[in-house]
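Beneath this line is the structure, given in structure tokens, with notes to follow.
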Amino acid sequence: EADIYQTPRYLVIGTGKKITLECSQTMGHDKMYWYQQDPGMELHLIHYSYGVNSTEKGDLSSESTVSRIRTEHFPLTLESARPSHTSQYLCASGKGGYNEQFFGPGTRLTVL
Amino acid sequence: SQQGEEDPQALSIQEGENATMNCSYKTSINNLQWYRQNSGRGLVHLILIRSNEREKHSGRLRVTLDTSKKSSSLLITASRAADTASYFCATDVNSGNTPLVFGKGTRLSVIA
């Protein structure tokens, strides 16, 4: 089991609320990622970071933002949640030249 | 555009049978990886095959890679009900300098 944690695991909120999804890893990995995934569907990369103070947008256009102030911590923030944000959000970290990724358990978000 | 495409999208077999999933990709790769995702969970890394390798084994898993055809296959032998999950291939196209590109996945159901 990978040492990567996500909180909360489940979240139900109303439209317009600001939320932050937490992701932490204890493996000292430089690389961290956020994916959005609808149930049974493909993964969409929304943000990634290859080190402290370095963040990049992924392939999926997203209204979320991320920060990487510490190696182990990579939070995702939605300033104003909408029903279209309802999905599962997966955080991952990676190491080395082979680019193997370790995933957290996910946060299932429902916006009413 | 999607780099990896798994085939079939869904597969249903009886316990004890072998399951074969295929992955095709479009550009040259450094390595190709297979991941498993149980329902509602994060992905788990199964096996990695480098571009200069043709076949790799890990327990009941056998992965092949044909770079001339830009394709890979994952074989699970003597399947069990616990193998029921989605399986994703992911390609590393830039030696870890850019994120992995995941396919859309194959949903495997193993019926006891």
Side-chain angles (χ1 to χ4, degrees), chain A residues 1-7 9-10 21 23-25 27 29-51 54-60 66 74 87-110, chain B residues 1-12 23 25-26 29-53 56 58 63 65 84-109:
Chain A
E1 195 78 15
D3 296 320
I4 180 163
Y5 308 98
Q6 291 186 242
T7 57
R9 291 293 315 279
Y10 303 92
L21 308 184
C23 177
S24 295
Q25 49 98 4
M27 298 171 282
H29 290 164
D30 286 331
K31 300 174 183 177
M32 295 191 76
Y33 309 86
W34 276 105
Y35 295 89
Q36 183 177 341
Q37 183 190 33
D38 291 328
M41 303 299 286
E42 62 192 291
L43 283 78
H44 295 285
L45 179 67
I46 48 178
H47 294 284
Y48 64 99
S49 167
Y50 277 10
S54 166
T55 62
E56 301 286 343
K57 290 188 177 181
D59 302 322
L60 180 68
V66 291
F74 191 41
S87 189
Q88 174 163 261
Y89 292 83
L90 294 171
C91 179
S93 68
K95 65 175 184 179
Y98 288 144
N99 224 358
E100 178 183 348
Q101 291 187 14
F102 299 84
F103 283 79
T107 293
R108 187 170 296 281
L109 173 66
T110 302
Chain B
S1 61
Q2 205 72 17
Q3 162 76 325
E5 294 282 345
E6 285 92 339
D7 170 60
Q9 289 187 323
L11 179 61
S12 184
C23 171
Y25 56 92
K26 298 175 182 176
I29 61 171
N30 182 55
N31 66 69
L32 186 144
Q33 304 174 30
W34 285 91
Y35 289 79
R36 184 189 73 228
Q37 184 181 33
N38 291 92
S39 181
R41 306 287 297 180
L43 280 70
V44 174
H45 182 266
L46 293 176
I47 195 166
L48 178 152
I49 187 165
R50 295 191 297 265
S51 59
N52 62 352
E53 297 177 310
K56 244 183 143 171
S58 177
V63 170
L65 179 65
T84 295
S86 291
Y87 292 82
F88 294 86
C89 68
T91 50
D92 177 16
V93 302
N94 197 15
S95 301
N97 295 313
T98 52
L100 292 177
V101 181
F102 285 86
K104 295 182 179 181
T106 292
R107 291 184 295 282
L108 173 66
S109 297

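The chains referred to below are lettered A, B, ... by the order of the sequence lines, with proteins before strands, and numbering in each begins at 1. The shown structure was predicted, so the numbers you read here are calculated from the model rather than taken from an experiment.
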B:Tyr35 side-chain N/O to A:Gln101 backbone N/O, donor-acceptor pair under 3.5 Å: yes
Gap between atom OG of B:Ser86 and atom CE of A:Met41 - 0.5 Å precision: 10.5 Å
B:Gln33 side chain vs A:Tyr98 backbone, donor-acceptor pair below 3.5 Å: yes
Atom pair CZ/CZ of A:Arg9 and B:Arg41 - distance to nearest 0.5 Å: 5.0 Å
Largest heavy-atom contact set with chain A, pairs under 4.5 Å, which of B:Gly42, B:Pro99, B:Ala90, B:Ser39: B:Pro99
Atom pair OG1/CG of B:Thr98 and A:Asn99 - distance to nearest 0.5 Å: 7.0 Å
Spatial distance of atom OH (A:Tyr35) from atom CG (B:Leu100) [nearest 0.5 Å]: 6.0 Å
Residue B:Leu48 versus chain A: region with a heavy atom under 4.5 Å: side chain
Chain B contacts, top residue of A:Gln37, A:Glu56, A:Lys31, A:Lys95 (heavy-atom pairs, under 4.5 Å): A:Gln37
B:Asn97, part contacting chain A, at a heavy-atom distance under 4.5 Å: backbone
Region of B:Gln9 that comes under 4.5 Å of a non-hydrogen atom in chain A: neither
A:Glu100 side, atom CD; B:Ile47 side, atom CD1 - distance, nearest 0.5 Å: 11.0 Å
